[in-house]
Amino acid sequence: MHKGKWITGSARKDLAKTFAEEYGEGRSIRAIAEAHGRSYGFVHRVLTESGAPLRARGGDARTGAAKSTR
């Protein structure tokens with residue numbers, strides 16, 4: 001998909017499914033946005049529209065990603 005191009009209808013539903021699958025596998029919204037050449041806000045909006053449950057900020061506490069490195 002070209003950045004800045006409107007994505008509607010079935011193409012948007014397909015993209016939402018792809019984003020939700022990647023997000024469910026543990027990828028961050030920022031990583032998904034970068035991989036698909038879209039903005040963080042676009043990916044977040046599409047995930048929200050699709051009803052995907054969003055994780056809390058700070059990373060996955062189960063893997064230690066949220067721990068400080070100080």
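Sequential numbering from 1 along the given sequence is applied to the chain's residues. The structure displayed is predicted, hence computed values, not measured ones.
- Partners of Arg45 according to the salt bridge (charged side-chain N to carboxylate O under 4.0 Å, His left out) rule, which considers only residues two or more places apart in sequence or in another chain, do not exist here.
- Here the side chain of Tyr23 pairs a donor or acceptor atom with the backbone of Arg55 at under 3.5 angstrom.
- Within the structure, the salt bridge (charged side-chain N to carboxylate O under 4.0 Å, His left out) test picks out the following pairs touching residues 7-21 (sequence neighbours left out): Arg12-Glu49.
- Using a 4.5 Å heavy-atom threshold, the side chains of Val43 and Arg30 count as separate.
- For the pair Phe19/Ile29, no side-chain contact is recorded, criterion being any heavy-atom separation below 4.5 Å from C-beta on.
- Residues Ile32 and Arg38 have side chains not in contact (no heavy-atom distance under 4.5 Å, counting atoms from C-beta outward).
- Judged as a side-chain hydrogen bond (donor to acceptor under 3.5 Å, both in side chains), and not counting sequence neighbours, the contacts of Arg27 are Glu22.
- Residue His36 holds its NE2 atom at 10.0 Å from CZ of Phe42, rounded to the nearest 0.5 Å.
- Qualifying side-chain contact (heavy atoms from CB on, under 4.5 Å) partners for Ala16, counting only residues two or more places apart in sequence or in other chains: Val46, Ser50.
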